[in-house]
Every structure is written in C-alpha cells, then in structure tokens.
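Below is one structure, written out as structure tokens, with a few remarks after it.
Bear in mind that the values here come from a model prediction, so they are computed numbers and not experimental data. Residue numbering restarts at 1 for every chain, and letters A, B, ... go by the order of the sequence lines.
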Amino acid sequence: MPELPDVEIFRQYAEKNALNQEIEKVTVDEPKIAETDESQLNEELKGRELIRAERLGKYLLLTTTKENILVMHFGMTGWLEYKQGEKHRHTRASLIFSNGYALNFINPRKLGRISFSSNLDAFQKEKKVGKDALAIKLEEFQDLIRKKKGTLKSFLMNQSIIAGIGNIYSDEILFQAGMNPKRQISELEDYQHMALFQLIKEVLHKAIEHNADPGNMPLSFIIPRRKEGEKCPACGGEVKKDKVSGRGFYYCPTCQK
DNA sequence: GTCTTTGTTGGCAC
DNA sequence: AGTGCCAACAAAGA
C-alpha cells in the first residue's frame, strides 16, 4: 500500500488528528521496527508536541516542538490509527497523548521503520532519498533522466533519484504514458521526458484526490485491473504481466510500446 | 505446502 | 561507478 499517495493520506490524517497535543509516552511493541529504541524515543518525545506533519517520498516526518523529527516508513504494508482504547493487533509502536488517545503505527509485515532524527538534510543524505516526486521541477527531472541509464520502470522506482514512486504507481504512470516499462530511458526524446514528468504529477495528484484507495481510482487507471486477463481501460485488450528488475508489473501490450 | 506481494538493502556479476 | 538481478526480511492471502 504505502507509496507516495498513501503516505500523503497518512500525513493528512496525522496533521488533522495528532498535532498540538502533549505526548505522555511512547511505547514500542516490536523493537525490530524501531531504529531508535523505546527509551530514547521517550527521552526525545515525552512532554513535547508534534507541530508539523510532512512527507518526503514514502517517508512521513513528524516534527516536534524542539524541531526534531520522528520519521516513519511503512514498508510494504502499514497505516496509522488515531484512537482511544484497544489497539489493532499489528500495532508496532504508539505515541500516547495526555488526552488518552494514541497515534498507532500499524505494520503487519514488520518491514516498516520508525526513527528519530535531529537533522532532515543529514537523514535524507544517509538514506539516499532523492527529490520528492511531487516537489521536483521539470528542469531537475530532465537533468536526471538525461544522465541515467536503465529501464523506465527502474528509473521511476529508484528512490535515490526520485522519491515516492513504487511498483503500483510506476505501472500507472507508464500505462498513462503509453510506454513499456522495459524500455530504456536512453531511447526517449525530450518531448517524452516532459510527458513523463507531467504524468508523474498527474497520476500522483489524482491518486491523492481519490484517497489513494485502489478500489476508488479513476476508470481510466490500470490500477484496479492489475490482474492477468483483465481488460485494458483504454483499448479493451488483455492486461498482461511481466517482470523487470525483479518486480512484477502489469501492462497493456497494445497501448504501451 | 507453494507462490506472490504495494519496500529496502546488500551481495554479486558485468 | 553504474546497472541488473537475486535473496533476505515478514506475514498474509490466493
């Protein structure tokens, strides 16, 4: 689930629910997902409040009153819940507020991570996070795509180049662009760089507008039809599955050349 | 039981 | 150095 649009929805949720409340304590139920351990998280967060919820690629950044950052990454599956009372069984960590509510980090497969950072730039460098896919400008995008090699799909999914696009949304962007994910980026002309740039923005914005809910995407999207034998929303042909850089992808052989 | 899965990292080959 | 491929991590569903 958690690619850029999903994390953006989580960001909005955290912003709406969890800011400006005193943090009473932090609990970690699964130490594996905490790169900063429970006692240190408490040291940094106890008695403070969250004042901003931001996002960088697939990372959610919760800034504290001391201008430090609680960083969350959801891995392959995960979400947030702000609630009182019983926790979801896959809750791996919680921020407990003085009003009795908790912001729960739910992460069934334990591939997500939370950590604490005092410096966003240092964090971004250390984790090799590139430009956020919604923040990047056309000129920056063109510089990057001109000097990189490899397939379109691996380019879009490489977080150190552009941050936020994963397997699902790279499929969607390339479907909308009418480009085969296996194509080499070196084959593209400048006008195609621009088209791709526009479609990255458009697909991600539309997904966010639709709450990043795969069951609620525009009819023109291939996302709801990521299954072999489904029909292409553009031409009615059959959706096919293939593999590149170790990841399965779905596409329409007729529409994507 | 087997295979696949929305992510990331590290190892190996070229 | 850059790129591709694979395994590992973990758990759930088909």
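- Nearest to the side-chain atoms of A:His73 among the listed nucleotides B:dT5, C:dA11, B:dT8 stands B:dT8.
- Shown for residues 160-180 of chain A: no residue has heavy atoms falling under 4.0 angstrom of DNA chain C.
- Within the structure, a side-chain polar atom (N or O) of A:Lys110 is placed less than 4.0 Å from OP1 or OP2 of C:dA11.
- Closest contact between the side chain of A:Lys148 and the listed nucleotides C:dT3, B:dT5, C:dC9 involves C:dT3.
- Between A:Glu3 and A:Lys58 no salt bridge is recorded (no basic side-chain N to carboxylate O distance below 4.0 Å).
- Classified by interplanar angle (parallel below 30°, tilted 30° to 60°, perpendicular above 60°), the ring pair A:Tyr101/A:Tyr82 is parallel.
- Taking every side-chain heavy atom of A:Arg89 into account, C:dA12 is the closest of C:dG4, B:dT5, C:dA12.
- Distance noted for atom P between C:dA1 and B:dT8: 24 Å (whole Å).
- Using a 4.5 Å cut-off on side-chain heavy atoms (C-beta onward), A:Ile185 and A:Leu196 make no contact.
- Across the interface with DNA chain C, nearest-nucleotide mapping of A:His90 and A:Leu111 shows A:Leu111 to be the residue nearer the 5′ end.
- Note: the hydrophobic cluster containing A:Val26 does not contain A:Ile96 (ILVMFWY, side chain heavy atoms under 4.5 Å, direct or indirect links).
- Residues A:Ile200 and A:Tyr169 fail the side-chain proximity criterion, which asks for heavy atoms closer than 4.5 Å.
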Exercise. Show the numbers, then the answer: is there a salt bridge (charged side-chain N to carboxylate O under 4.0 Å, His left out) between A:Lys66 and A:Glu49?
Key: CA-CA 9 Å; A:Lys66 216 183 152 197; A:Glu49 300 179 2; over 6 Å; no

Self-check item: Base-pair map of DNA chain C as dot-bracket, where | denotes pairing with a different strand and pairs are Watson-Crick or G-U under 3.5 Å
Solution: .||||||||.||||

Which atom pairs, one a donor and one an acceptor, fall under 3.5 Å between side chains of residues 229-252 of chain A and the rest of the protein, sequence neighbours left out?
unit_1: A:Asp242; atom_1: OD1; unit_2: A:Lys182; atom_2: NZ; d: 3.4
unit_1: A:Asp242; atom_1: OD2; unit_2: A:Lys182; atom_2: NZ; d: 3.1

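- Listed for the A:Arg11 side chain is a donor-acceptor partner under 3.5 Å among the backbone atoms of A:Ala53.
- Side-chain nitrogen and oxygen atoms of A:Lys241 include at least one within less than 4.0 Å of the OP1 or OP2 phosphate oxygen of B:dT5.
- The side chain of A:Met157 lies closest to B:dG7 when the candidates are C:dA11, B:dG7, C:dC5.
- For C:dC6, neither phosphate oxygen OP1 nor OP2 lies less than 4.0 angstrom from any side-chain nitrogen or oxygen of A:Arg247.
- In this model, the phosphate group of C:dG4 is approached by a side-chain N or O of A:Ser154 to a distance below 4.0 Å at OP1 or OP2.
- At least one side-chain nitrogen or oxygen of A:Lys58 sits closer than 4.0 Å to the OP1 or OP2 atom of B:dT8.
- The separation between A:Lys128 atom NZ and B:dG10 atom C1' is 11 Å, rounded to whole Å.
- With rounding to whole Å, A:Met76 atom CE is found 5 Å from B:dT5 atom C1'.
- In this structure, A:Arg146 and A:Asp190 have side chains that are in contact, with non-hydrogen atoms separated by less than 4.5 Å.
- Between A:Arg146 atom CZ and C:dG2 atom P the separation is 19 Å, expressed in whole Å.
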